[in-house]
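Below is one structure, written out as structure tokens; comments come after it.
Predicted model, so just to flag it, every value in this text is computed and none were measured. For ligands, and for the atoms within them, numbers begin at 1 and follow the listed sequence.
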Amino acid sequence: MRILVVEDEKRIADFLTRGLQGAGYAVDTAADGATAVEFIHSTDYDLVILDLMLPDMDGLKVLERVRSRKVGPPVMILSARGQVDDRVKGLEQGADDYLVKPFAFVELLARVRALLRRGQPAPEKLQVADLTVDCVRRKVMRNGETIDLAPKEFGILEYMMRNKGRPLSRTMIVEHVWDMDYDGLTNIVDVYIRHLRSKIDDRFPLKLIQTVRGIGYMIEAPDKPAAVPPAAPAAERQV
Ligand code: CA
């Protein structure tokens, strides 16, 4: 899940970015309206958090531009302008939610999750064989055992689970789980997949994360357990 935070006040932008990243989301920030519009047109965001008072334009103008797209991401307005008029105007112009500053991060996070749920009719509990992912509580279990994942590991697993049975390229995974500050190689995906495998697959006979030669990775329950302990050929391990 990738979120764009449009906020010119660096302190708030940093606070939001840290909090949302801690909750496992990929976060980009735009400090003015023009940058926000540019980002929204070039990237497929799952949610936009929008401040209204921006240095170059009114946030509502940004909202207008988002809504002019056929399928735009949900937008949550974040503003110190808490007057009823402002709220009504924002919601009338197509915002999906409105949060007045100052706010508690837990409240923001609860609303972010609600909005992402709304935009995503997919079930909140994802399952492949005996592996379950609770996207709301961010809890992963396999065979009745709780598994702790780092935020990026969780992000990759959730993305794969939502696309189970579908091969995903490293680029797709990076674009979905990392923000644009990351300009490294897609090989990072291999590193994370190794971590994920060690946590969710290695101890179990049924291997769920599949390497798809020439493409990337996919999660799917195989027909039968692997007969031999998995040792990826050198070519596939190469980074
Ligand atoms: Ca502002």
- [ ] Apply the side chain to side chain contact (heavy atoms under 4.5 Å, CB included) test between Ser79 and each candidate in Leu50, Leu52, Leu99; give the one that qualifies.
- [x] Leu52

- [ ] Count the heavy atoms belonging to other residues, nucleotides or ligands that lie under 6.0 Å from NZ of Lys89, then report whether that count exceeds 12.
- [x] no

- [ ] Might you confirm whether atom CZ of Arg113 has over 12 heavy atoms from other residues, nucleotides or ligands at distances under 6.0 Å?
- [x] yes

- [ ] Indicate whether the side chain of Thr35 and that of Asp32 have a donor and an acceptor atom separated by less than 3.5 Å.
- [x] yes

Task: Asp58/Lys61 ion pair, N-O < 4.0 Å - done: no

Open item on the list: If I only include protein atoms of type N, O or S, how many are less than 3.0 Å from the Ca ion (ligand 1)?
Closed with: 3

Open item on the list: Using the side chain to side chain donor-acceptor pair (under 3.5 Å) criterion, which residues pair with Asp56? Sequence neighbours excluded.
Closed with: none

